[in-house]
Amino acid sequence: MKVLGIESSCDETAAAIVEDGKKILSNVVATQIPFHRIYKGVVPEIASRKHAEWILPVVKQCLKEAEFSLSDVDAIAATNRPGLMGSLLVGLTFGKTLAWSLNKPFIAVNHMLGHLYAAHLENDIPYPYIGLLVSGGHSIICKVSGFDDIEILGTTVDDSVGEAFDKVAKFYGLGYPGGVIIDKLAKEGNAAAADFPLPKMQGGEHRYDVSFSGLKTAVIHQRDMFWKDGFEKNNENLCAAFQETACRTIVSRLFRAVDDTGLKTVVAGGGVAANSRLRSMLAERSDVHCIFPPLKLCGDNGAMIAGVAYHLLERGERSGWNTTASARIPAFKRGLNRGR
């Protein structure tokens, strides 16, 4: 089954054709970063307008690279949650209209399920495992028993890790997107230059939760309080120390989940899964097998949407023409989140 997947949840207009949930036949991503960089963050109105402008040429390019016509596609999928409402509606409406006009099956896909599935596109990964979703909008630790069978163990109580990267980069005038820039500068700095605080949440319902608001405040407003003598107060050292603490925050909670569940496989997804220090830190524990998507699939893309859609379609599911978008999804801390 060949599925055309469309993704427009934030600031990438993306489309891909994937065969049988694994083989990527084409994968086109048009990024809007140059249009948002001047504002040091995503502007929702600009994002939705660019999606409306680019969605047709991106899908055409996707078909061209696969050497396909629309008649060769068996089904069409599009992201419908979570994300920026205006952006979601562009891709969802385009996908539904295209499927209806071609009399093809249509399926709406949860964006977060897509990020968890991205690593499956190039790896055979048995269930269950511990999932780590880290992006500009989400920081989630979960138990994954199937492609849409997810128990959320922990999440952020305030900022996401990607949001913290962007806000620190914005304050110090480093540029946008913050995660990529901080990762690059950190390689030239010394993580020992500052001893920024880790969150104090320990047990109970917050055992696996993370927090980045305090760290962000310490780096932006209390830097000198945590800086160590003998280190130059430059951007490289700042980024190295901040990134080290942010990654330690994630990894400490993640390994709690690994130890408590006994699951020794971790699958990561989302834009921050491309962070080099996070990858190296997870690799330090030899008894845990960490699987990351290739860098090209860490960010938003249509291939992960098409991959999830294949399994939903194989199960006999279809989305109605009245399916709409939702900016958020419910987070059930102790239950299953099958919502698409």
Side-chain angles (χ1 to χ4, degrees), residues 3-18 24 26-37 39 41-66 70 73 75-102 104 106-118 121 133 135-138 162 177 269-271 293 296-310 312 319 321-329 339-340:
V3 180
L4 168 63
I6 297 169
E7 156 60 30
S8 67
S9 64
C10 190
D11 61 339
E12 275 89 30
T13 309
I17 296 175
V18 176
I24 300 175
S26 65
N27 187 30
V28 177
V29 179
T31 181
Q32 300 178 11
I33 287 175
F35 300 94
H36 300 284
R37 183 176 284 127
Y39 304 101
V42 177
V43 181
E45 176 68 12
I46 293 175
S48 58
R49 287 179 179 273
K50 284 298 173 184
H51 285 307
E53 179 183 343
W54 289 354
I55 187 70
L56 180 57
V58 164
V59 170
K60 284 184 175 180
Q61 182 64 26
C62 173
L63 292 166
K64 181 179 179 180
E65 291 187 7
L70 285 172
V73 174
I76 295 167
T79 305
N80 78 319
R81 64 179 61 189
L84 301 176
M85 193 63 173
S87 294
L88 286 166
L89 285 170
V90 174
L92 178 65
T93 303
F94 186 92
K96 286 197 298 182
T97 303
L98 191 60
W100 176 82
S101 66
L102 297 169
K104 306 266 187 187
F106 174 76
I107 198 80
V109 176
N110 183 325
H111 177 79
M112 304 315 296
L113 296 182
H115 274 310
L116 269 178
Y117 189 81
L121 288 163
L133 288 170
S135 67
H138 298 85
K296 65 181 179 181
L297 296 178
C298 286
D300 295 346
N301 63 88
M304 65 184 191
I305 302 305
V308 172
Y310 166 77
L312 292 169
S319 297
W321 304 125
N322 62 342
T323 300
T324 190
S326 176
R328 297 182 180 275
I329 54 174
R340 294 195 304 280

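Scope of the values below: all heavy atoms of this structure, side chains included, with no hydrogens, waters or symmetry mates.
Note: His51 NE2 to Glu12 CD = 8.0 Å, rounded to the nearest 0.5 Å. Here NZ of Lys64 is found 12.5 Å from OG of Ser26. Values are rounded to the nearest 0.5 Å. With rounding to the nearest 0.5 angstrom, the CD1 atom of Ile107 is 12.0 Å from the CD1 atom of Ile305. In this structure, Ser87 OG and Asp11 CG are separated by 8.0 Å, a value rounded to the nearest 0.5 Å. In this structure, CZ on Arg328 lies 9.0 Å from OG on Ser326, to the nearest 0.5 angstrom.
Look at Arg49 and Glu45 and you find a salt bridge, because one of the NZ, NE, NH1 or NH2 atoms lies within 4.0 Å of a carboxylate O, short of that distance.
You'll find the side chain of Ile33 reaches within 4.5 Å of the side chain of Pro177, heavy atoms only. The side-chain heavy atoms of Leu102 and Val73, taken from C-beta on, include no pair separated by under 4.5 Å. The closest side-chain heavy-atom distance from Thr13 to Lys50 is not below 4.5 Å. Counting only heavy atoms from C-beta outward, the side chains of Leu70 and Leu63 approach each other to under 4.5 Å.
Nearest heavy atoms, Asn80 versus Ala108: CG-CB, 3.6 Å. Across Gly269 and Pro293, no two heavy atoms sit closer than the pair CA-CG, 4.3 Å. Annotation for Ala118 and Leu297: closest pair CB-O, 3.7 Å, computed over non-hydrogen atoms. Summarising the geometry of Met304 relative to Asp300, their closest heavy-atom pair is CE-CA, 4.2 Å, with the distance given to 0.1 Å. Across Ala77 and Ala309, no two heavy atoms sit closer than the pair CB-CB, 3.3 Å. In plain terms, the two heavy atoms of Ala303 and Ile24 that are nearest each other are CB-CD1, 4.0 Å.
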Would you mind writing out the side-chain donor-acceptor pairs for residues 89-100 within the sub-3.5 Å range, not counting sequence neighbours?
residue : atom : partner : partner atom : Å
Thr93   : OG1  : Leu89   : O            : 2.7
Lys96   : NZ   : Trp321  : O            : 3.0
Lys96   : NZ   : Thr323  : O            : 2.6
Thr97   : OG1  : Thr93   : O            : 2.7

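Shown are Val308, Leu88, Ile6, Leu113; of these, the side-chain contact (heavy atoms from CB on, under 4.5 Å) with Thr79 is made only by Leu88.
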Q) Could you go step by step and tell me if Ser48 and Leu84 meet the side-chain contact (heavy atoms from CB on, under 4.5 Å) rule? A) CA-CA 8 Å; Ser48 58; Leu84 301 176; over 6 Å; no
